[in-house]
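See below for the structure under consideration.
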There are 2 protein chains.
Amino acid sequence: MYDELFQKYQQIGGISNQAWTKVVSTMHVKSLDKAEIFLRPGDSSHTFALILDGVGRHYYVDDQGKEWTKSFAGPGDLLGAYAEMLQAQDSRTFIEAVSPMKVIQGGKRELDLMHTSEWDGLWRKLAEDHFIKKENREYEFLKFDALARYQSYMKYYQHLDHLVPRKFVASYLGITPQALSRITIKN
Amino acid sequence: MYDELFQKYQQIGGISNQAWTKVVSTMHVKSLDKAEIFLRPGDSSHTFALILDGVGRHYYVDDQGKEWTKSFAGPGDLLGAYAEMLQAQDSRTFIEAVSPMKVIQGGKRELDLMHTSEWDGLWRKLAEDHFIKKENREYEFLKFDALARYQSYMKYYQHLDHLVPRKFVASYLGITPQALSRITIKN
DNA sequence: ATGAGTCATTAACCTAGGTTCAGAATGTAC
DNA sequence: GTACATTCTGAACCTAGGTTAATGACTCAT
């Protein structure tokens, strides 16, 4: 998985093996139990990880205690409070392991190491990809009903869905588990 | 306004006066009538503009002919099919003048001129800002009802609102003009 | 294996917002 | 200024999805 990880980010941002290794070598592998929380509101957003195995989930909790899932993340994906990192704020989101996970974790040290021009392209690409994904989600919230959003979820996250409880899917779609049941039985 | 524009992007991305002037000097001023369309689906996403005066609107049209507003843009803001530009696709969105506008327009030539490392920081910052804005909108769609979204709109776009017809506000919130009337009368 | 939580589903009822239609209030063109 | 078109508001009715509550089906810890 290490090699795949390098290849993935190499391809996205044209990082040299050297620069990559320099950063990754100081990161350490961490295992997370199912339902273990990786990051919570108030934690430093400098903490991040790359997923080797398993599925993670980024979510908010509102004042009534309801959870709203922003995104899921699988092998190769970035786990972290990305928006807060960009704004130099502490995390406002929770990140938890949906299934048992294995990740390589980094922090401020590694982020600083990536503050060279060689990494600019990668970070720009990551920002752009994040933007495109969120704009697409905006589009779906504006135009799609819950069923159409569910179908889009299934398409986008098909490789992770078998590990994701339906209540999390519902919270990602912005509906209740009951509503998700209604939708998926009928259609 | 020219100076303000430079100062704004100077501050965002640390562009030198020289680099800025080199790009802007080949752009030309364009006036748009109210309701005039600046860009439509199928047009090259290389066409973009910086707003000198007036208010623009980015929107989709769905298969039933309904319009869904992605964002508004005022003086100093970027007018363009940004997501499509990033993906090297033709525009999928409409952009129109909500009020009479004055802009400085650019195209592929200027985009190419900005393909130097000096511009990387600015483009990265733009991508990040776009991402943050969209993630915030995702958050509001997940957690807020129409009234709360309206209040958020009023806060964010208060400086432009006097120029924006309410039907466009409704289409930005993802509701009908009738629903917007209901909301704003009662509250 | 057993009991205590979770989780998914179903059903009955409720509500925010959609739809349709109509009238009032604006704009805009001549 | 008059005429026409567009926008805004309002009311009546409808529907997608929320809320509450009940019932199995699963975990999983002991």
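These numbers were taken from a predicted model, which means no experiment stands behind them. Lettering of chains follows the sequences in order, A, B, ..., and the numbering in each one begins at 1.
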Examine the side chains of B:T26 and B:E110 and answer whether a donor and an acceptor come within less than 3.5 Å of each other.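 Their side chains do contain a donor-acceptor pair, which is all the 3.5 Å distance test asks for.
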Any donor-acceptor pair under 3.5 Å linking the side-chain atoms of A:R137 with those of A:S71?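 No, no side-chain donor-acceptor pair sits under 3.5 Å.
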Starting from [atom2] on [N], measure out to [atom1] on [X] and report it in whole angstrom.
{"X": "A:Y150", "N": "D:dG17", "atom1": "OH", "atom2": "P", "result": "14 Å"}
{"X": "A:L173", "N": "D:dG18", "atom1": "CG", "atom2": "C1'", "result": "15 Å"}
{"X": "B:I175", "N": "C:dA16", "atom1": "CD1", "atom2": "C1'", "result": "10 Å"}
{"X": "B:H162", "N": "D:dT7", "atom1": "NE2", "atom2": "C1'", "result": "18 Å"}
{"X": "A:L142", "N": "C:dG18", "atom1": "CG", "atom2": "C1'", "result": "15 Å"}
{"X": "A:D145", "N": "C:dT19", "atom1": "CG", "atom2": "P", "result": "11 Å"}
{"X": "A:R182", "N": "D:dT20", "atom1": "CZ", "atom2": "P", "result": "14 Å"}
{"X": "A:F141", "N": "D:dA16", "atom1": "CZ", "atom2": "C1'", "result": "15 Å"}

Heavy-atom check, side chain of A:L126 versus side chain of A:Y82, under 4.5 Å: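 In short, these two side chains touch, coming nearer than 4.5 Å.
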Look at the side-chain N and O atoms of [X] and state whether any lies under 4.0 Å from the OP1 or OP2 oxygen of [N].
{"X": "B:R166", "N": "D:dT9", "answer": "yes"}
{"X": "B:K66", "N": "C:dT19", "answer": "yes"}
{"X": "B:T176", "N": "C:dG18", "answer": "yes"}

For A:P165 and B:A179, find the nucleotide of DNA chain C closest to each by heavy atoms; which residue's nucleotide sits nearer the 5' end?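 Mapping each residue to its closest nucleotide by heavy atoms, the 5'-most match is A:P165.
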All N/O contacts under 3.5 Å from nucleotides 21-29 of chain C to the protein, with atom names and distances to one decimal?
residue: C:dT28; atom: OP1; partner: B:K34; partner atom: NZ; Å: 3.0

Does the plane of the ring in B:F6 sit parallel, tilted or perpendicular to the ring in B:W20? Use 30° and 60° as the thresholds.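 Ring orientation of B:F6 relative to B:W20: tilted.
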Any donor-acceptor pair under 3.5 Å from A:Y153 side chain to A:V169 backbone: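 Judged by distance alone, no pair lies under 3.5 Å.
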Could you walk me through whether B:M101 and B:L52 satisfy the side-chain contact (heavy atoms from CB on, under 4.5 Å) test, starting with their C-alpha distance in whole Å, then the side-chain angles of each, then the deciding distance to 0.1 Å, before giving a yes or no? CA-CA 8 Å; B:M101 295 182 83; B:L52 296 171; over 6 Å; no
Could you see if A:L163 belongs to whatever hydrophobic cluster contains A:L173? Use Ile, Leu, Val, Met, Phe, Trp, Tyr and a side-chain cutoff under 4.5 Å.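 Same hydrophobic cluster.
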